[in-house]
Amino acid sequence: MRRYKNHFLIGKIVEVEAYLGEQDPASHAYNGKTKRNEVMFWNGGHLYVYFTYGMHFCSNVVTEQEGIGHAVLLRAVEPIGGLEVMARNRHITLRAERDKQNLCNGPAKLCEAFAIEREENGVDLCGDDIWIAEEQRPNSRPSIEKSTRVGITRGKQHQWRFFLRNNPYVSTGKPVQ
DNA sequence: CCACGGATTGGCT
DNA sequence: GCCAATCCGTGGA
């Protein structure tokens, strides 16, 4: 969830990938702490935002204790509330169901929809700007599928991508073999 | 539906 | 210089 300009932007996380720092050649933290990745080494519960491909931001939830650079990349979100604002942020119009599914179905798309950029790097997820709440459906049993991760060249063997089965809002990116 | 390539910055060798 | 935890438009089946 995000509080943004007098709106609530609400989404359900439907796809993530784990990046395990020093033991994971695909992780930004693989070669230790730098200015870019330093938030990855903070306490769990912070947001690590990075800029990539010269034009996109992607976001991660930092998961370990201080000094250990583990994080979970947020790859797709099912938009629940504030869709009009998200669509404006994404520069698209909501007409068909298809447009709704294209709103947040990628790590850079969800950042654009939720207006997550450089300024949000290091945000405390226990604060009141961006946070993660428990889903209000205690009896639901989501079936979680796993696969290899998307768009990487190293660490391909690990099945560290997790997503909800049959959820139409998962990303279109293809896992590496 | 699928494959391909261009866009465009910054981090690191 | 090389290339990336991506996205989107184009062109063909």
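So you know, we letter chains A, B, ... as the sequences are listed, proteins then strands, and number each from 1. Just the heavy atoms: all of them, side chains too, but no hydrogens, waters or symmetry mates, feed the values below. The structure presented is a predicted model; accordingly, all values stated were derived computationally and were not measured.
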task = Would you please test Glu17(A) and Ser171(A) for side-chain contact (heavy atoms from CB on, under 4.5 Å) and show each step?
result = CA-CA 12 Å; Glu17(A) 283 176 356; Ser171(A) 77; over 6 Å; no

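The pair Glu97(A)-Lys100(A) meets the salt-bridge criterion, with a side-chain N (NZ, NE, NH1 or NH2) lying under 4.0 Å from an Asp/Glu carboxylate O.
Consecutive pairing runs in DNA chain B reach the stem threshold at B:1-7 with C:6-12, B:9-12 with C:1-4, where a stem means at least three Watson-Crick or G-U wobble pairs with distances under 3.5 Å.
Shown for residues 83-117 of chain A: no residue has heavy atoms falling under 4.0 angstrom of DNA chain B. Sorted by residue number, the members of residues 19-51 of chain A with any non-hydrogen atom under 4.0 Å from DNA chain B read Thr34(A), Arg36(A), Phe51(A). Listed by residue number, the members of residues 154-161 of chain A with any heavy atom below 4.0 angstrom from DNA chain C form an empty set.
Among the candidates Arg90(A), Arg75(A), Met86(A), the single residue satisfying the side chain to side chain contact (heavy atoms under 4.5 Å, CB included) test with Lys109(A) is Arg90(A). Among His70(A), His46(A), Lys33(A), the one residue that satisfies the side chain to side chain contact (heavy atoms under 4.5 Å, CB included) test with Phe41(A) is Lys33(A).
Rounded to an integer number of Å, the gap from CD of Glu15(A) to P of dT6(C) is 10 Å. Between the NZ atom of Lys174(A) and the C1' atom of dC7(C) there is a distance of 14 Å, rounded to whole Å.
Ile152(A) comes within 4.0 angstrom of sugar-phosphate atoms only, judged by non-hydrogen atoms across all strands, and of no base. Among the heavy atoms of the strands, none lies under 4.0 Å from Thr172(A).
When all heavy atoms are compared, the tightest approach of Leu9(A) to Gly82(A) is CD2-O, 3.7 Å. Pairing each heavy atom of Arg2(A) with each of Ala115(A), the nearest pair is NH1-O, 2.6 Å. Pairing each heavy atom of Pro79(A) with each of Tyr169(A), the nearest pair is CD-CD2, 3.6 Å.
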Pairs under 3.5 angstrom only: tabulate donor-acceptor contacts from the side chains of residues 51-59 of chain A to other protein residues two or more places apart or in another chain.
none

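Using cut-offs of 30° and 60° for the angle between ring planes, the Trp160(A) and His158(A) rings count as parallel.
Taking the 5' to 3' direction, DNA chain B first and last meets chain A under 4.0 angstrom from a heavy atom at dA3(B) to dC12(B).
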